[in-house]
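Working notes, structure below.
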Amino acid sequence: MRGLLVTLQVSVLVLLIGTVIGIGGGLSLLYGSLPLRWFVRVYVDTIRGIPLLVLIFAIFYGLPALGLKVSALMAAVMALSIFCGAHVSEVIRGGVDSIPKGQTDAGKAIGLTFRQRLRYVIFPQAVGRILPPWVNTAVELVKASSLVSLVSVVDLMLAIQQIVGRTRQTLLLYAVAALLYFIINYAISMLGQRLEKRFAYT
Amino acid sequence: MPHKLVIIQNLVKRFGTVDILRGVNLEVDKGEVVVIIGPSGSGKTTLLRCINFLEEYQEGRIFVDSQLMGYRENNGKLVKLPEDTTAKMRADVGMVFQSFNLFPHMTALDNVLLGLTKVRKLAQSEAEDRAVTWLKRVGLGDKLKSYPSQLSGGQQQRVGIARAVAMGPKVMLFDEVTSALDPELVSEVLSVMEDLAHTGMTMLVVTHEMRFAKEVGQRIIFMDEGVIVEQGTPQQIFEQPQTERLRTFLGHFAKTL
């Protein structure tokens, strides 16, 4: 089951890169200079507005046309990361934005600097609000990663299709595929719920 | 002449095209308790928020202990200071809010500790001593480990006061701190403030509690439409109001006075 491993690796890698992009993007949307805010806003809205498959094809076929050689796996990871980053940016922005403004006022009033306010006041509260939509994004991402099979990355989806090609056990094998995706995502959801409990405060 | 701790000169504050403050002049002595009254929308809260630079202002100057707040002067023009510099200055100005604004993810003790350890950079043990001392002073010695959500409004606001005072500020700002409280909880907060006033703390208090203004205020400022309309001792303001506007305003409180 090499394919399963590829799906897991791609998902984890993309989620990491996407979250890093998302934190940068989200903070830029909230606190960046006007040009930076504009830039990120255009990025987020554009990416969220086009189908992921178009994005994957654009990078897989587009970069070689520009003279950049990338493997199918690399192109897939890039496309998914850009996609994930846009979604996480919005998740982070929304989560931080939902913290009442009085919290910032209170942090300022005791003399905390911008970074201290984020670290001690805003983020600890925002995490609890960011986690649920973030887990949602992660689940969507694992499912969406099946699209990379269309640029010949042998992930879970393509591996199953290859076996189907040999054995003709269509119904059974796609049921197995569905079950495997479900198990991964169920695990993510469970993990998310446990994390949420940990970050909830009374 | 006593030391002027807060000096506000010709302060103008606009939100877009709306003038919130239209030239406010005010000097506060060290140890003085100044109570600011006035109808809502008169600019009282904005005035307080300008003093610790939670709001930027467009014209005029605010000095706290001779330091220009939030800006530096460059050829007569105001240039905003870097955030970290402003943060240092803010640490010397304590503020208590109408909506408490306690950090909900921290215990009462941690709320008070945060500024002491991260801004004042006190050692943990020293910071804890100071935080516990203040929480005891506001009557919450048994609530150190409670989270804000487990406290009543009055208790939360007393934590808010402890959090601000523990920093050792030069001046304390109180922004309608009892307005969000159930009536029976107002007095426990006011008595803490009165206690603080007696220790010689310099205080600017925006409030609708006229009894408190009368009994604790040394000087009363009446603001309306972004300017100071009248000021004087509690006796002058409450017993011999000079302007029609103040008389009308006080009329609304006639029943409670």
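Here the structure is a predicted model, which means the values were calculated and not measured. Chain identifiers are assigned alphabetically (A, B, ...) following the order of the sequence lines, protein sequences preceding nucleic acid strands; residue numbering begins at 1 within each chain.
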Taking every heavy-atom pair that is under 4.5 Å apart, which of Val119(B), Val93(B), Asp92(B) has the most such pairs with chain A?
Val119(B)

Contacting region of Phe103(B) [heavy-atom separation from chain A under 4.5 Å]:
both

Test your reading of the model: is there a side-chain donor-acceptor pair from Arg129(A) to the backbone of Gly95(A), 3.5 Å cut-off?
no

Tell me if a side-chain donor or acceptor on Asn185(A) pairs with a main-chain N or O of Ile188(A) at a distance below 3.5 Å.
no

Does any heavy atom of chain A fall under 4.5 Å from the side chain of Arg49(B), the backbone, both, or neither of them?
side chain

If only atom types and distance count, is the side chain of Arg72(B) paired as donor or acceptor with the main-chain N or O of Leu81(B) below 3.5 Å?
no

Gln103(A) side-chain N/O to Leu102(B) backbone N/O, donor-acceptor pair under 3.5 Å:
yes

Under 4.5 Å from a heavy atom of chain B, the part of Arg117(A) involved:
side chain

